[in-house]
Amino acid sequence: MQRRRMIVGNWKMNLPTDPEAAVDIIAEAAVSKIAGDPALIVCPPATMIALLAGRGIRVGGQDCHVAPAGPHTGDISAPMLVQAGATHVILGHSERRATHNETDEVVAMKAKAAWKADLTAIICVGETKIQREGGAAISAVATQLVGSIPKGAKAANTVIAYEPIWAIGSGRAASLPEIAEMHAAIRAEVARRFGAGVAANIRILYGGSMDASNAAGILALDDVDGGLIGGASLKTGEFLTIARMS
Ligand code: PGA
């Protein structure tokens, strides 16, 4: 099976300068053949999920709670994301791991909650600068993969996003050899745990300062199946330029 490329925009707690125009342009691209393949997904703040989904844009949440409902002020559950029109959810982003103390164990519980609601989990992993410089990048990511991805992962319910923490929002993506080496290591780890079939089909995205100037090179790498794009996804023209790269 050929892995279909996936381009995911992560708006974080931001909006494009002109959100209405951005939604119009992405909606047009989403229904046109150009952006129909690769899969194009936008993960806006939760308040905009229903609006984007209603315009025919494939949408993901940026997090979900482990429980389907309950006394958790400020949180949102996987079934609620589905109700709003989401099909995907980003889990374990390094910003949430850092500022919401999300451990691998919590991320794994969230993945189970997402699957139960029929959401595809986009599970993020990535090393710190210190780990990279200490030669521990691959082992750090392997540990995260084991802890964050629960049993039952398959290509249909899980996407892995490799996002080196030091590259996110820095304007400096990881180098092509660094990305190639890590993506191959991630696929090997998936094969070890879930079998060759899952490893061959699961999508592994790169994220961390991906933009229109470096995306072609990154997307051309063998084990890279798409991108998780933060800053550049807020510039709609640039985001769609990346989505249209073949
Ligand atoms: P960036 O963010 O593209 O702005 O580096 C990527 C991400 O954090 O998902």
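Quantities reported herein were computed from a predicted structural model and do not represent experimental measurements. Side chains included, hydrogens not; waters and symmetry mates left out as well; all remaining heavy atoms used. Both counts, for ligands and for their atoms, begin at 1 and track the order of listing.
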Check your understanding: Does Gly207 reach ligand 1, in the sense of a heavy atom lying below 4.0 Å from it?
Key ->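 It does not; every heavy atom stays at 4.0 Å or beyond.
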Review point. So is Ala232 in contact with ligand 1, going by heavy-atom distances below 4.0 Å?
Key: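 Per 4.0 Å heavy-atom rule, Ala232 does not contact ligand 1.
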Per-atom contacts, ligand 1 versus [X] - under 4.0 Å to a heavy atom:
| X | answer |
| --- | --- |
| Gly231 | 1 (P), 3 (O), 4 (O) |
| Gly208 | 5 (O) |
| His93 | 7 (C), 8 (O), 9 (O) |
| Glu163 | 6 (C), 7 (C), 8 (O), 9 (O) |

Practice item. Given side-chain contact (heavy atoms from CB on, under 4.5 Å), test Cys124 with Ile90 step by step and report yes or no. Key: CA-CA 7 Å; Cys124 303; Ile90 297 171; 3.7 Å; yes
Check your understanding: Of His100, Gln62, Lys12, which meets side-chain hydrogen bond (donor to acceptor under 3.5 Å, both in side chains) against Glu95?
Key ->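 It is Lys12, the one option of His100, Gln62, Lys12 that forms the side-chain hydrogen bond (donor to acceptor under 3.5 Å, both in side chains) with Glu95.
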Exercise for review: Go through the steps to decide whether Leu145 and Ile123 satisfy the test side-chain contact (heavy atoms from CB on, under 4.5 Å), and finish with yes or no.
Suggested key: CA-CA 9 Å; Leu145 289 170; Ile123 300 177; over 6 Å; no
Practice item. State whether Glu189 and Arg193 are salt-bridged, where the test is any N-O pair (Lys NZ or Arg NE/NH1/NH2 against Asp/Glu carboxylate O) under 4.0 Å. Key: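 Not counted as a salt bridge, because no side-chain N and carboxylate O are separated by less than 4.0 Å.
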Check your understanding: Could an N or O of ligand 1 be found under 3.5 Å from any N or O of Gly230, whether backbone or side chain?
Key ->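 Yes.
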Check your understanding: Is any N or O atom of Lys12, backbone or side chain, closer than 3.5 Å to an N or O atom of ligand 1?
Key ->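 Between Lys12 and ligand 1, an N or O pair is found under 3.5 Å apart.
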Exercise for review: Check each of Ile202, Thr158, Asn201 against Val190 using the side-chain contact (heavy atoms from CB on, under 4.5 Å) test, and report the only one that passes.
Suggested key: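 Of the listed options, the one satisfying the test is Ile202.
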**Study point:** Residue from Ile229, Leu228, Ile41 passing side-chain contact (heavy atoms from CB on, under 4.5 Å) with Ile7
**Key:**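 By the side-chain contact (heavy atoms from CB on, under 4.5 Å) criterion, Ile7 pairs with just one of Ile229, Leu228, Ile41: Ile229.
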Point to revise | Candidates Arg4, Arg187, Arg203 - the one meeting salt bridge (Lys or Arg N to Asp or Glu O under 4.0 Å) with Asp225 | key: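 Only one option passes, and that is Arg187.
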Review point. Quick one: does ligand 1 sit under 4.0 Å from the side chain of Ile168, the backbone, both or neither, non-hydrogen atoms only?
Key: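 Near ligand 1, Ile168 shows its backbone as well as its side chain.
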